[in-house]
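Note that the structure is predicted; figures quoted are calculated from it, not measured. In what follows, every heavy atom counts, from backbone to side chain, and hydrogens, waters and symmetry copies are set aside.
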Amino acid sequence: MNDDKVKLYGELAKIDPFEFWDTDLIPENLSPELKKLKKRHWLYIVYPESAPEDWKEQLALTGVQFAVSPLHDRDLLVNGDLKKAHWHMIVIFDGPSTFLTATSFREKNTWDIS
């Protein structure tokens, strides 16, 4: 880690921008760094068995910009087992949004994204 970056951004510089958090497992007492974290782009995983047929249309009605990958139905785990089918989805908010906003966006939808 670049010491100048840590001096400039403090503890936020230590947060990996590609770190994944399972929003079902978020502790109530989030670290101060995670509370301060703001991004415009947030990645979610959508599972076919928990999403309604019109989930993309429902998402479009929220007004946020988003992009969805093709269905990943052939990904393998390290041990060679097939992963559960899923889509990767990136949501692009109009401006920087906190981790808590991104989490609440997930919770407002009736379909399961994580």
Side-chain angles (χ1 to χ4, degrees):
M1 173 74 46
N2 182 331
D3 288 338
D4 292 334
K5 187 176 177 184
V6 173
K7 286 177 187 173
L8 182 61
Y9 296 106
E11 291 298 308
L12 287 177
K14 296 179 183 177
I15 296 175
D16 181 348
F18 298 104
E19 185 174 348
F20 295 93
W21 296 282
D22 183 339
T23 54
D24 286 332
L25 304 174
I26 297 172
E28 287 184 24
N29 299 323
L30 291 175
S31 71
E33 295 82 21
L34 200 50
K35 285 182 182 177
K36 292 179 197 174
L37 182 63
K38 287 186 176 183
K39 297 180 183 186
R40 289 190 66 213
H41 306 91
W42 291 92
L43 176 72
Y44 299 87
I45 305 296
V46 180
Y47 297 100
E49 69 272 7
S50 60
E53 277 188 38
D54 67 341
W55 70 272
K56 291 178 190 173
E57 289 81 7
Q58 288 183 33
L59 185 60
L61 290 174
T62 67
V64 299
Q65 296 179 55
F66 66 96
V68 179
S69 73
L71 182 65
H72 287 221
D73 58 357
R74 296 182 185 158
D75 291 353
L76 299 176
L77 297 169
V78 175
N79 67 5
D81 290 345
L82 195 61
K83 284 185 180 181
K84 192 162 73 165
H86 61 280
W87 291 279
H88 295 266
M89 176 180 68
I90 188 165
V91 172
I92 304 147
F93 291 97
D94 289 337
S97 299
T98 66
F99 179 76
L100 293 175
T101 299
T103 302
S104 67
F105 175 80
R106 175 204 175 262
E107 292 169 353
K108 288 178 187 174
N109 294 287
T110 56
W111 38 277
D112 185 26
I113 58 177
S114 56

Measure across W42 and L37 and return the closest heavy-atom pair with its distance rounded to 0.1 Å.
CH2-CD2, 4.1 Å
Sequence neighbours left out, cut at 3.5 Å: what donor-acceptor pairs do the side chains of residues 90-98 make with other protein atoms?
| unit_1 | atom_1 | unit_2 | atom_2 | d |
| --- | --- | --- | --- | --- |
| S97 | OG | G95 | O | 3.2 |
| T98 | OG1 | L100 | N | 3.4 |
| T98 | OG1 | T101 | N | 3.0 |
| T98 | OG1 | T101 | OG1 | 3.0 |

Determine the sole option in H88, M89, K84 for which the side chain to side chain contact (heavy atoms under 4.5 Å, CB included) test with I45 is passed.
H88
Go through the structure and list residues passing side chain to side chain contact (heavy atoms under 4.5 Å, CB included) with L61, not counting sequence neighbours.
none
State which residues pass ring-ring contact (aromatic ring centres under 6.0 Å, His included) with H41; sequence neighbours excluded, sorted by chain then number.
none
Heavy-atom distance under 4.5 Å between the side chains of L59 and Y44, does that happen here?
no
Can you list everything that forms a salt bridge (Lys or Arg N to Asp or Glu O under 4.0 Å) with K83? Sequence neighbours excluded, please.
none
A60: what forms a side chain to side chain contact (heavy atoms under 4.5 Å, CB included) with it, not counting sequence neighbours?
F66
Crowded around E53 CD? As in, over 12 foreign heavy atoms under 6.0 Å?
no
Correct closest heavy-atom pair for P48 and A85 would be CD-O, 3.2 Å
Hydrophobic cluster partners of L82 (side-chain heavy atoms under 4.5 Å)
L76
